[in-house]
Amino acid sequence: MASNEDNNVDDEKRVFLKAMGGLGAALFLLSLGTLEKFFSFFEKQDLTKEQEESILSEKIRRLKQTAEEEEMQLQRLGQDRIYVTSIDSLSPVKGIYFIDYFMRPGLAFCDDNGLPIVISAKCTHLGCTVGNNVDSKGLILCPCHLSRFNIKTGAPIPGSPAKKPLPHLGWALVDAKGKILLTEDPEGRRQGTTDMDTLDGSSLYILKKYAKGAA
Ligand code: FES
């Protein structure tokens with residue numbers, strides 16, 4: 001007959017073997033990446049029905065938004081020119097925002113003569129949209145990390161986190177009959193009249209032939 005001492009040793013052995021068996025199984029699952037899924041399954045179970053519905057509807061909303069933006073971009077790329085604003089609305093101290101061919105923000109100002117200045121509003125540091133208020137030095141501010149850009153040259157001032165200029169966009173001024181009166185390419189080369197009486201009442205467009213897809 002087995003003594004109490006022998007029974008205790010057997011019990012300890014059983015507990016030890018069970019524990020080792022459990023540990024072995026856990027390591028095996030972990031090696032397959034299954035344990036993580038196992039835990040995430042139970043994490044998911046902690047969500048209430050409302051939380052699950054809210055996560056799902058947010059996912060659907062984002063998918064719809066992406067689809068709408070891609071459709072808008074396709075529509076824009078189908079146009080030779082995109083309306084920005086009328087020349088009379090341009091200001092040297094407050095830019096007008098618009099969206100370019102590749103769904104990036106742009107800004108339109110006017111220079112001292114009333115002619116358009118059209119630049120990208122996507123900061124060349126980390127891509128935030130820059131502000132549209134021009135200070136007394138002709139600078140606009142990116143609110144994210146405080147880069148300042150000269151609106152005439154697009155260049156960041158020394159000490160800004162951004163090191164590259166905001167690119168200029170090519171544009172056209174078009175009269176009420178659709179005739180192009182003046183164009184400027186992204187390098188600043190102009191063609192047409194700069195007579196402000198002739199340009200009065202014209203509309204500002206960005207042109208597809210100057211559109212660049214690079215960020
Ligand atoms: S994103 Fe504009 S300064 Fe950083």
Side-chain angles (χ1 to χ4, degrees), residues 54-55 57-79 81-173 182-190 203-215:
S54 146
I55 289 171
S57 67
E58 176 61 14
K59 276 185 187 165
I60 292 170
R61 189 191 67 75
R62 286 191 195 176
L63 280 173
K64 276 187 186 162
Q65 189 181 346
T66 306
E68 279 168 15
E69 281 174 6
E70 287 190 358
E71 196 180 328
M72 265 179 83
Q73 183 173 333
L74 274 178
Q75 282 173 0
R76 293 173 105 67
L77 286 167
Q79 300 170 42
R81 57 194 190 210
I82 294 174
Y83 178 76
V84 176
T85 187
S86 72
I87 191 171
D88 309 320
S89 317
L90 293 174
S91 159
V93 292
K94 195 165 185 76
I96 292 175
Y97 285 107
F98 63 92
I99 302 295
D100 77 1
Y101 277 94
F102 297 95
M103 304 300 291
R104 297 166 304 199
L107 272 172
F109 305 89
C110 66
D111 65 15
D112 301 335
N113 300 316
L115 290 171
I117 297 172
V118 184
I119 55 174
S120 165
K122 184 176 172 183
C123 182
T124 54
H125 180 222
L126 292 177
C128 288
T129 299
V130 298
N132 66 338
N133 289 314
V134 185
D135 70 13
S136 57
K137 293 179 181 158
L139 305 174
I140 49 175
L141 173 72
C142 175
C144 288
H145 312 100
L146 309 184
S147 288
R148 288 177 192 274
F149 299 90
N150 182 307
I151 63 162
K152 287 185 183 160
T153 63
I157 62 168
S160 293
K163 301 302 171 207
K164 291 184 187 164
L166 297 172
H168 283 77
L169 278 65
W171 52 261
L173 287 172
L182 177 64
T183 61
E184 183 177 289
D185 70 16
E187 282 72 48
R189 291 179 288 253
R190 288 181 182 159
S203 298
L204 175 66
Y205 289 80
I206 52 170
L207 301 182
K208 184 159 103 177
K209 67 178 178 178
Y210 297 137
K212 287 184 192 154

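Whatever order the structure lists ligands and atoms in, that order sets their numbers, starting from 1. The first residue of the sequence shown is numbered 1, and numbering continues consecutively from there. In this text the structure is predicted, and so the values were computed from the model without any measurement.
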Between I119 and L169, what is the shortest heavy-atom contact and its length? C-CD1, 3.8 Å

Sequence neighbours excluded, the answer for side chain to side chain contact (heavy atoms under 4.5 Å, CB included) partners of P143 is none

For S86, give me all partners under side-chain hydrogen bond (donor to acceptor under 3.5 Å, both in side chains), at least two apart in sequence or on another chain. S89

Does S160 use its side chain to pair, donor to acceptor, with the backbone of R148 at less than 3.5 Å? yes

Not counting sequence neighbours, which residues clear ring-ring contact (aromatic ring centres under 6.0 Å, His included) with Y83? List them please. Y205

For atom 2 (Fe) of ligand 1, check which protein N, O or S atoms are under 2.8 Å away and list them. C123 SG, C142 SG

Testing L141, L139, I151, L107 one by one against V134 for a side-chain contact (heavy atoms from CB on, under 4.5 Å), which residue passes? I151

